[in-house]
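Below: one structure, written as structure tokens.
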Amino acid sequence: MRDRPGDDSGLAARLRAGEARAFEELVIAYQHRVFGVALRMLGNAGEAEEVAQEAFLRVHRAIGEFRGEAKLSTWLYAITSRLCLNRLATGERRMRREGEETLLRLASAETDAATELERGELESALHRAIAELPEERRIVVVLRDLEGLSYEEIAEALALEPGTVRSRLHRARMDLKDKLERYLP
Amino acid sequence: MTCHDARERFSALVDDALSTAERRAVDAHLLGCPDCRAELERLEATVALLHRVEPPRAPAGFVDRVLAARRGASWRSRVLRRLFVPLPVKLPLEAAALVLVALAAVYVLRETPELRQAARLEPPPVTTPAPAESPQATEGREAAPGPAANPKDAKRDRGRPRPPVPASKTEVPAAPAEKALDEVKKRAGVGAVAGRLDVSDREAADRALAELVGRLGGTLSRRAEADATFVEVTVPRAAYPDFVRELARLGHWRAEREPAELPEPVTVTLRIAD
């Protein structure tokens, strides 16, 4: 799980003020997180980069509307999640056709046994298990267990009730537990 | 508390997200239920595994590409801001300017005889096929004369009445931007991707695009016009994500049509404009 970033209220203020360097700092600070969420959700590096880029451009265009009531990072995660879910909703057929190939690519660079061993069978199984979750559960487990957001932050990012976050997260983890049973002590 | 109710709360228990009362109830259940304790341990182990997952990293050059895309978007928004913002000031001024221009045009038209004459001229007729005439209309009237086969026929035809030519419909030309977009989509075949690429230097972008397509093992054909270049690119489907990513480095790429299922190979029709 990633370390959570520090307080970014100063960065938000500088972005709103139109400071030139502020946007670059934002992208540098959050590029891996935003790309990581997109990659976990879409399973395709090319699409993940498109969505990640679009997420930052939307922040740039809409920073005037950001009130600062939530964290800047939460807002960024919200935009990224929404873009991913929209793309999955409209491009589901393409995802299914490429999905199997991409899931395997994500889980293992090659399909041969030697590379599987090299990457770690466990890590491959983890990647595959996450990628196979239904997207409404996948996004919650990605934000909670991989990105470290709190229940309240996830609820805000996904516009859900905290109770819904809790139940979806529980369902997702139970699915993962069943898929990873052989790797548990 | 039943096993089902306790297990429904395990995830929140692991995250320390239960209320005090719920926590007490779950703990009390766990004390007396070894099966639930085992299930909780498996869930905790699963969450621990997830926390060990190596986080992905953005690809090299990602920051530069985002900044380049932002610059492409920025100049357009600057132009729009200069034209329309602040709205309460600029919009009324621009509306007033439009009204003044319209009034001036009407005044000049009224006061200049040559312009009045030109305005009265009919537009050139557009040839449309004549509608079929009803039997009653043709009764007692001779057929419309075609081109005469010989001079004697032409002389005879001159005296005959001609059927009326139906009024032509005036065509309304499409706006230039819509026309251009329709042009791109029309040129793109079924199953092709179509879009526009806005660049600061069309020639440089054209060269870079040719190099990119060559590198990806695709083909390219182009047609340059006054205000845009139309390019048709064919790339292997596997190379399409790289192609789109590189397009974003050349300028602002906007896909106007992208089929859900891409064919092999992918044909992309671009309109490159400054």
Side-chain angles (χ1 to χ4, degrees), chain A residues 1-2 23-24 27-28 31-36 38-40 44-50 52-54 56-57 60-61 90-94 97-98 106 120 122-123 125-127 130 141 144-148 150-151 162 166-167 169-174 176-181 183-185, chain B residues 7-18 38-59 61-74 77 237-249 252-253 255 258-262:
Chain A
M1 189 160 61
R2 294 188 203 272
F23 181 71
E24 187 175 349
V27 179
I28 291 171
Q31 57 174 319
H32 304 304
R33 290 181 182 84
V34 171
F35 177 79
L39 184 62
R40 295 277 176 215
N44 176 292
E47 283 195 80
E49 183 170 344
E50 280 176 30
Q53 182 178 109
E54 181 59 27
F56 283 113
L57 292 179
H60 178 256
R61 282 197 293 269
T90 56
E92 192 65 48
R93 280 181 301 164
R94 175 159 61 153
R97 178 175 59 75
E98 293 180 355
L106 194 64
L122 172 58
E123 179 122 351
L126 272 166
H127 287 306
I130 294 169
V141 86
R144 172 66 197 157
D145 289 322
L146 304 184
E147 298 297 322
S150 67
Y151 283 34
R166 182 165 133 170
S167 67
L169 181 62
H170 180 68
R171 294 273 95 76
R173 285 170 169 175
M174 296 303 279
L176 292 171
K177 177 181 70 65
D178 292 339
K179 289 176 199 291
L180 300 169
E181 196 74 53
Y183 300 101
L184 301 178
Chain B
R7 293 182 188 196
E8 286 291 302
R9 288 163 172 76
F10 277 177
S11 208
L13 177 68
V14 167
D15 292 333
D16 201 20
L18 288 178
E39 185 67 10
L40 177 61
E41 277 171 18
R42 281 196 288 275
L43 184 66
E44 284 171 334
T46 303
V47 174
L49 283 181
L50 288 171
H51 291 177
R52 282 167 45 186
V53 167
E54 195 64 38
R57 293 185 66 80
F62 175 77
V63 175
D64 292 335
R65 289 192 285 279
V66 173
L67 296 180
R70 193 268 315 252
R71 278 192 292 274
S74 279
S77 62
R237 189 170 62 204
Y240 179 69
D242 291 332
F243 176 72
V244 169
R245 189 168 52 246
E246 291 299 317
L247 273 187
R249 299 180 70 173
H252 180 70
W253 162 247
E258 194 174 60
E261 280 201 40
L262 292 172

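Here is how names work: the chains are called A, B, and so on, in the same order as the sequence lines, proteins then strands, and each is numbered from 1.
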Please report the interatomic distance [atom1]([X]) to [atom2]([Y]), rounded to the nearest 0.5 Å.
X         : Y         : atom1 : atom2 : result
Arg71(B)  : Phe23(A)  : CZ    : CZ    : 10.5 Å
Arg245(B) : Gln53(A)  : CZ    : CD    : 10.5 Å
Leu169(A) : Asp15(B)  : CG    : CG    : 6.0 Å
His51(B)  : Asp145(A) : NE2   : CG    : 4.0 Å
Phe62(B)  : His32(A)  : CZ    : NE2   : 9.5 Å
Asp178(A) : Thr46(B)  : CG    : OG1   : 8.5 Å

Return the minimal non-hydrogen interatomic distance between [X] and [Y], and the atom names on each side.
X         : Y        : value
Arg173(A) : Leu43(B) : CB-CD1, 3.7 Å
Pro241(B) : Gly46(A) : CB-CA, 3.9 Å
Phe35(A)  : Arg57(B) : CE2-O, 3.4 Å

Given that the side chain runs from C-beta out, which part of Ala172(A) has a heavy atom under 4.5 Å from chain B: side chain, backbone, both or neither? neither

Can you tell me which portion of Leu184(A) sits under 4.5 Å from chain B's heavy atoms? Options are side chain, backbone, both or neither.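 The answer is the side chain of Leu184(A).
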
Taking side chain as C-beta onward, heavy atoms only, is Arg52(B) less than 4.5 Å from Leu126(A)?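 Side chain of Arg52(B) against side chain of Leu126(A), heavy atoms only: no contact under 4.5 Å found.
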
Side-chain heavy atoms of Arg166(A) within contact of Leu18(B), under 4.5 Å: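 In short, these two side chains touch, coming nearer than 4.5 Å.
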
Checking Val47(B) against chain A: side chain, backbone, both or neither under 4.5 Å from a heavy atom? side chain

Between Arg7(B) and chain A, which part of the residue has a heavy atom less than 4.5 Å away: side chain, backbone, both or neither? backbone

Is Arg171(A) salt-bridged to Glu8(B), going by a charged N under 4.0 Å from an acidic O?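 Yes, Arg171(A) and Glu8(B) are salt-bridged.
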
Salt bridge present between Arg42(B) and Glu181(A) (N-O < 4.0 angstrom): yes

Residues forming a salt bridge (Lys or Arg N to Asp or Glu O under 4.0 Å) with Glu24(A), sequence neighbours excluded: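 With neighbours one apart ignored, the set is Arg21(A).
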
Verify side chain to side chain contact (heavy atoms under 4.5 Å, CB included) between Val53(B) and Arg40(A), making sure each step is shown before the conclusion. CA-CA 12 Å; Val53(B) 167; Arg40(A) 295 277 176 215; 3.2 Å; yes

Would you mind telling me which of Arg144(A), Met174(A), Gln31(A), Glu49(A) has the largest number of heavy-atom pairs within less than 4.5 Å of chain B?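 Between Arg144(A), Met174(A), Gln31(A), Glu49(A), the count favours Glu49(A).
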
Among Ile130(A), Val141(A), Leu180(A), Leu176(A), which residue has the highest count of heavy-atom pairs closer than 4.5 Å to chain B? Leu176(A)

All side chain to side chain contact (heavy atoms under 4.5 Å, CB included) counterparts of Glu50(A), not counting sequence neighbours: Arg87(A), Val244(B)

